[in-house]
Amino acid sequence: MKLYNFTEWIARPIIQLNKEKRIEINIKEDLFYVYEEISLCYMRGGTSKAVFFHEKDLPEDQSLWDDIFMKVMGTPDVKQIDGMGGTVSSTSKVAIISKSDRPDVDVNYTFRQVDIIIPRVDGSANCGNISSAVGPFAIDEGLVPAVEPITVVRILNTNTNKIIEEHVRVKDGHADVYGDEVIKGVPGTGSRIDMYFEDPAGSKTGKLFPTGQKKEIFDVPGYGPAEVTVLDCSNPMVFIKASDLGIKGTELVELNQNADVMEHIERIRGMAAVKCGFVEKWEDARTKSTSAPKVSIVSAPQDYTDMDKNQVKAEDMDLCVRAISVGALHKAYPMTVAVGTGAAARIPGTIVYETLKAPLEGDIIRLGHSSGITDVDIKMDGEKVLKGGVTRTARRIMDGFVYIRE
């Protein structure tokens, strides 16, 4: 909403939307307020939430998108009080959906991570949790015919140019919401969605190991050597041993208050960003590559108490993990990172493989994260990653219109 006088109104730049939009004007003498209205849907996908837009409802000029998305979320503001953002990275997200012209794909899906503190929208990576809501959205919006009992939706993620296949339960012509599937980090139960990330290696760099090494030593400025594995599988990521950070690996949100450790992690992430070719200097990753690479902290299976105060036992997991997302502890574990972790756990020579107490048997790896344990199904051909499967739930929370201020 902006206050105009008549001269300013005539001279103002207009955001052209590809839809019939409503402009509400409240006139008081020669001054009036203007709202821009855009239709949207607000959805939970796995342990994240995002605002979903049809691409046709956004400006054709994509250079205008970032400004719109920041206004929708209320960024920059640590409270995001004037927008729909939830003050953490997992609830400050945007998905843009369109019908695909490709014969092997149903819909195109573009992801945007909206920062909270700085005015930045990052499109360098995908979000696996939000990906799980794309199938249900496409079915309910009529982009894909609803077929009972299961509709298969093939999705092209434009951030990584990789295909995700989703098997969505359908009832009465709509994506089913109700079911008995439980995912850690989400209260209650929901309808099971089976997701498969196809041929996920080299999503941004073109290589499973962007540096050509399965593990290497980073000489971290101000901290000294740290052994890492840099991997690109569904998303670029860097794995760090908890012991190299001087922590146990079972920490939860208290980790955010440990400024020294968080700075150590960010410097390692910045160095990995340089190795991946995303920035020229590690310092630049703070503002120029905030979403990629992701960070996973790995340690051997161990007992801990999760975010919901449940006891998690070492014998129920194959690996203990924590993820850092946009400078803070992820309150569960990103699904793209889960796929990458599963792949790295099957490749001798990575620090993930070496952290396992014993080599994995079968295709399932059990990851103990901040909110519990998640199973990841990884299909390999030697050291080639064929696909990674995870189970999620998703649901529509609301739909309607969002009003942004010019």
Side-chain angles (χ1 to χ4, degrees), residues 124-128 157 159-164 196-220 225-245 265-282 284-285 289-299 318-319 321-325 333-356 359-360 363 365 367 376-390:
S124 62
N126 180 29
C127 173
N157 173 244
N159 305 78
T160 60
N161 200 36
K162 296 291 184 178
I163 291 175
I164 305 164
Y196 302 95
F197 294 81
E198 298 184 354
D199 186 25
S203 65
K204 295 297 288 187
T205 65
K207 299 177 181 179
L208 180 61
F209 295 101
T211 69
Q213 301 182 65
K214 294 178 181 177
K215 67 177 178 180
E216 57 196 291
I217 303 294
F218 280 4
D219 187 8
V220 186
E227 192 172 45
V228 305
T229 289
V230 181
L231 187 84
D232 183 356
C233 186
S234 292
N235 266 330
M237 60 199 75
V238 56
F239 294 97
I240 313 169
K241 294 178 181 178
S243 58
D244 278 355
L245 297 170
I265 292 169
E266 180 58 24
R267 292 189 183 195
I268 293 173
R269 195 188 74 85
M271 294 180 71
V274 172
K275 293 272 191 174
C276 289
F278 301 151
V279 294
E280 292 185 2
K281 299 185 295 183
W282 66 264
D284 293 339
S289 189
T290 53
S291 292
K294 306 291 186 184
V295 174
S296 174
I297 302 166
V298 297
S299 57
D318 298 302
L319 192 71
V321 294
R322 295 294 184 266
I324 303 299
S325 176
Y333 200 63
M335 288 302 97
T336 54
V337 181
V339 170
T341 305
R346 284 177 168 75
I347 300 176
T350 70
I351 68 168
V352 181
Y353 182 92
E354 293 176 352
T355 303
L356 298 169
L360 296 170
D363 297 330
I365 181 171
L367 302 176
V376 183
D377 185 0
I378 299 292
K379 306 296 185 187
M380 303 284 292
D381 180 8
E383 294 187 358
K384 177 179 174 57
V385 189
L386 301 178
K387 65 179 180 179
V390 293

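Positions are given from 1, in the same order as the sequence printed here.
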- Item | Verdict with supporting geometry, E216 and V230, side chain to side chain contact (heavy atoms under 4.5 Å, CB included) | CA-CA 8 Å; E216 57 196 291; V230 181; 4.3 Å; yes
- Could you state the interatomic distance from OH (Y196) to CD1 (I164), rounded to the nearest 0.5 Å? 13.5 Å
- Taken to the nearest 0.5 Å, the spacing of C233 SG from L208 CG works out to 6.0 Å
- Check: K162 side chain, A201 main-chain N or O, donor-acceptor pair, under 3.5 Å: yes
- Query: What distance separates F197 CZ from M335 CE, expressed to the nearest 0.5 Å?
  - Reply: 8.0 Å
- Sub-3.5 Å donor-acceptor pair from the side chain of T350 to the main-chain atoms of A344, do we have one? yes
- Task: Please step through side chain to side chain contact (heavy atoms under 4.5 Å, CB included) for the pair I268 and L245, ending with a clear verdict.
- Result: CA-CA 10 Å; I268 293 173; L245 297 170; 4.1 Å; yes
- Contact summary for A345 and L356, nearest pair of heavy atoms: O-CD1, 3.4 Å
- Approximate separation, where rounding is to 0.5 Å, of K294 NZ and S234 OG: 11.5 Å
- With side chains defined as the heavy atoms from C-beta onward, is the minimum distance between L360 and D318 less than 4.5 Å? yes
- Taking all heavy atoms of V274 and all of K281, pick out the closest pair and write down the distance. CG2-C, 3.6 Å
- Backbone of I324 reached by a side-chain donor or acceptor of R269 within 3.5 Å: no
- So, does S203 use its side chain to make a donor-acceptor pair with the main chain of P200 at under 3.5 Å? no
- Could you give the distance from CD (E198) to CG (N157), rounded to the nearest 0.5 Å? 12.5 Å
- Any donor and acceptor pair, going by atom type alone, linking the side chain of K204 with main-chain N or O of N159 inside 3.5 Å? yes
- Item | Stepwise side chain to side chain contact (heavy atoms under 4.5 Å, CB included) check, T229 with Y353 | CA-CA 10 Å; T229 289; Y353 182 92; over 6 Å; no
- Ignoring hydrogens and geometry, is there a side-chain-to-backbone donor-acceptor pair from N235 to N126 under 3.5 Å? yes
- Query: Would you say the side chain of K275 lies within less than 4.5 Å of the side chain of F218, judging by non-hydrogen atoms?
  - Reply: yes
- Item | Heavy-atom pair of closest approach, residues P236 and F278 | CG-CZ, 3.6 Å
- Minimum heavy-atom distance E227-K241, with the two atoms named: OE1-NZ, 2.7 Å
- Query: Quick one: do D199 and K384 make a salt bridge, cutoff under 4.0 Å?
  - Reply: yes
- Side-chain donor/acceptor of D232 to backbone N/O of P210, under 3.5 Å: no
- Query: What are the two closest heavy atoms between S299 and T355, and how far apart are they?
  - Reply: C-CG2, 3.4 Å
- Message: Using side-chain heavy atoms (C-beta onward) and a distance below 4.5 Å, is L319 in contact with V352?
- Response: yes
- Task: Would you mind reporting whether M271 and V228 have side-chain heavy atoms less than 4.5 Å apart?
- Result: no
- Message: One pair to check against side chain to side chain contact (heavy atoms under 4.5 Å, CB included): V376 and T341. What are the steps and the verdict?
- Response: CA-CA 9 Å; V376 183; T341 305; over 6 Å; no
- Task: Go through K214 and E383 one step at a time and tell me if the salt bridge (Lys or Arg N to Asp or Glu O under 4.0 Å) criterion holds.
- Result: CA-CA 11 Å; K214 294 178 181 177; E383 294 187 358; 2.8 Å; yes
- Message: Rounded at 0.5 Å granularity, tell me how far CG in D244 sits from CD1 in I297.
- Response: 11.0 Å
- Item | Taking every non-hydrogen atom, the tightest pair across M380 and I347 | CE-CG1, 4.0 Å
